Amino acid sequence: MTRSGQEYLESLRDGRSVWLDGERVRDVTRHPAFRNTAGSIARLYDLAHDSAHTPVLTRDGVHRAFAVPRDYGDLVARRQAYKVWAESSFGFLGRTPDYMAGGAAGFAAAPGVFTTEGFDGAANALAYHRRLAEGDLYPTFTITNPQAAPTPFDAAGGTAADDPVVRVVAEKDGGIVVSGAKMIGTAAVFGNEVVVGTIEPLAPRDVDRAVCFSIPVDTPGLTFVSRVSYEGRARSVFDNPLSSRFDENDALLVCDEVFVPWESVLTYRNVDASFGMWWRTPAYVNFVHQAATRFWTKLEFLAGLAILLTRSNGTYELPPVTQAIGRLLGKVAQAKAFVLAAEASYEEVDGGRGGVMPGKDISYAQRIMAGELYPAAVQEIKLLAGGGVIQLPASGEDLLHPELGPVVARYLRAPGQSSEERIKLLKLAWDALGSEFASRHEQYERFYHGAPHVYLMQQAWEGDTASCERLARACLDGYALGGEPEGPDSR
Ligand SMILES: Cc1cc2nc3c(=O)[nH]c(=O)nc-3n(C[C@H](O)[C@H](O)[C@H](O)COP(=O)(O)OP(=O)(O)OC[C@H]3O[C@@H](n4cnc5c(N)ncnc54)[C@H](O)[C@@H]3O)c2cc1C
């Protein structure tokens, strides 16, 4: 059965080691830097118990994101579930539990990838998926090495012991011991289990780093160093409506001699499987299915914001402004089209034994579109917004003040809109477009799928170059020097 929001919140009170500002956070559900976001996630769990959403979000008591899709209809049903949760945060919570749930379903669809010489992780991958689905657990992942981490073997005099990246340091009875760090654990402090692995291709000698496992967030020796909390800095929900409630946080994951039982190990000292588990199973494509649905939702929200802003500013009817709104709506349609097209071009997994997944080519291309489109959309709306988003009272307290409130009310308003309504709208717009939280979102949309230099190369290597070349070649082959096409007169 799916958990209630309250059950989810209780699961976070487990003594996990989360640090912020030099302080160990005792309880993320109560700490001012995390509690509202924990509450927003709890509401996602409650939605599954709301009769209006239960049939969309669950099947047979399990969230649809955990299901291995068997046909096109299952993909559509999964997307409809993704959409309900995405709308709950207007697209600003990227790593809701359904993200890695899809990854786990991807592992379960192609467990053979985990069977390698020396270690067979297939049963563990299936058990991982089952454990999450049955417990309705919140999985997250850290699969990126800390930026600029030196490769110990390349550094003069370096040894494996100097390696700052998560690696195997010992084998013990019943499991392995790992040490090192990974970035960036988005929402990891709100999860129940975290996958630690690598999505980067490794050199054959990097076998110590070639390990992937999933462990509970309260595992001894596991520490999360949180980035600055936008929620913690937020003045109030009125002043910072998004950052105060949807700050999923990003944390550095540090393992200090963490013991990982064999049952939790998915790949072990195998370079090929540690990389291939993301690409030769539907895991990554399933990630994109969730992310593309959320992205489409976020753009719908931003376009809606642009409409409300320009109406409030009295500029909506100006042709260049209306055209800009048209351009934004075109971008929304583009984002939606990627989701629908990836579903319609679904592919069989493992000859159909692993069900289906959204089409790879279009899913991979979504990363290129979204990474370029998001910053452009934000710039477009900022241009439409003008200075009103800056010229705002520091907080809602100014509006409530008996002396100052009427002054603000008199000067900051728009035709047909009270000052409170207009200030509320402008503060929401700035939180979405210009705040530190907004800036993090721009970076997120650009990088969470990986860096452009990686995914552009991958698109070129794995994209359908043959069809494109064939068509260009057919045109070239249709004429020759000195030859003229046969016209109707020659018949
Ligand atoms: C907000 C946010 C949330 C994230 N959440 C997660 C998460 O939950 N889990 C997780 O595992 N990861 C997460 N990531 C990490 C993300 O996967 C990485 O940021 C991404 O893979 C890029 O890697 P990098 O940051 O090391 O950048 P780099 O690889 O260092 O690239 C940065 C830039 O350097 C240049 N560059 C570097 N190398 C080359 C090259 N070989 N050729 C050409 N140009 C190059 C390019 O300009 C590139 O854009 C998150 C990232 C962000 C920003």
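Everything quoted here is computed from the prediction, not taken from an experiment. In listed order, ligands and their atoms are each counted from 1.
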- Query: Which residue and non-hydrogen atom of the protein lie closest to atom 28 (P) of ligand 1, and at what distance in Å?
  - Reply: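 Protein heavy atom with the smallest distance to atom 28 (P) of ligand 1: Q147 NE2, 3.6 Å.
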- Message: To check your reading of the model: name the closest protein heavy atom to atom 2 (C) of ligand 1, its residue, and the distance in Å.
- Response: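 Answer, as residue, atom name and distance: Y444 CD1, 3.7 Å.
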- Message: Around atom CZ of R59, are there more than 12 heavy atoms from other residues, nucleotides or ligands closer than 6.0 Å?
- Response: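 Not buried by this count: 12 neighbours or fewer within 6.0 Å.
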- Query: Taking the six-membered ring for Trp, are the ring centroids of F338 and W296 within less than 6.0 Å of each other?
  - Reply: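 When the ring centroids of F338 and W296 are compared, they turn out to be at least 6.0 Å apart.
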- Task: Have a look at F92 and tell me which of W85, Y444, F437 forms a ring pair (Phe, Tyr, Trp, His ring centres under 6.0 Å) with it.
- Result: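 By the ring pair (Phe, Tyr, Trp, His ring centres under 6.0 Å) criterion, F92 pairs with just one of W85, Y444, F437: F437.
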- Are any of the side-chain heavy atoms of F141 and F287 separated by less than 4.5 Å?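 Yes; the side chains approach each other to less than 4.5 Å.
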- Task: For residues F34 and N249, determine if any side-chain heavy atom of one lies less than 4.5 Å from a side-chain heavy atom of the other.
- Result: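 Yes, side chains in contact.
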- Message: For N36, is there any backbone N or O sitting under 3.5 Å from a side-chain donor or acceptor partner on E231?
- Response: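 Checking the backbone N and O of N36 against the side chain of E231, a donor-acceptor pair under 3.5 Å is found.
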- Any donor-acceptor pair under 3.5 Å from S274 side chain to A210 backbone: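 It does hold such a pair.
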Pull out every atom of ligand 1 sitting under 4.0 Å from any heavy atom of [X], numbered as shown with elements.
{"X": "F447", "result": "16 (C), 17 (O), 18 (C), 19 (O), 20 (C), 22 (C), 49 (O), 53 (C)"}
{"X": "T186", "result": "3 (C), 4 (C), 5 (N), 6 (C), 7 (C), 8 (O)"}
{"X": "T142", "result": "11 (O)"}
{"X": "I143", "result": "10 (C), 11 (O)"}
{"X": "A451", "result": "20 (C), 21 (O), 22 (C)"}
{"X": "M183", "result": "10 (C), 11 (O), 12 (N), 24 (P), 25 (O), 26 (O)"}

- Within reach of ligand 1, part of D250 (heavy-atom separation under 4.0 Å):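 Near ligand 1, D250 shows its side chain, while the N, CA, C and O stay back.
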- Any protein heavy atom under 4.0 Å from atom 25 (O) of ligand 1?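 Protein heavy atom within 4.0 Å of atom 25 (O) of ligand 1: present.
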- Item | Exercise check, heavy-atom protein proximity under 4.0 Å to atom 31 (O) of ligand 1 |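 Protein heavy atom within 4.0 Å of atom 31 (O) of ligand 1: present.
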- Task: May I ask you to check whether R95 has an N/O atom sitting below 3.5 Å from an N/O atom of ligand 1?
- Result: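 Min N/O separation from ligand 1 is below 3.5 Å for R95.
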- Message: I want to know if ligand 1 touches F141 in the polar sense, i.e. an N/O pair below 3.5 angstrom.
- Response: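 There is such a contact, yes.
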- What's the shortest heavy-atom distance between A188 and F224, and which atoms?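 Closest approach of A188 to F224, heavy atoms only: CB-CE2, 3.7 Å.
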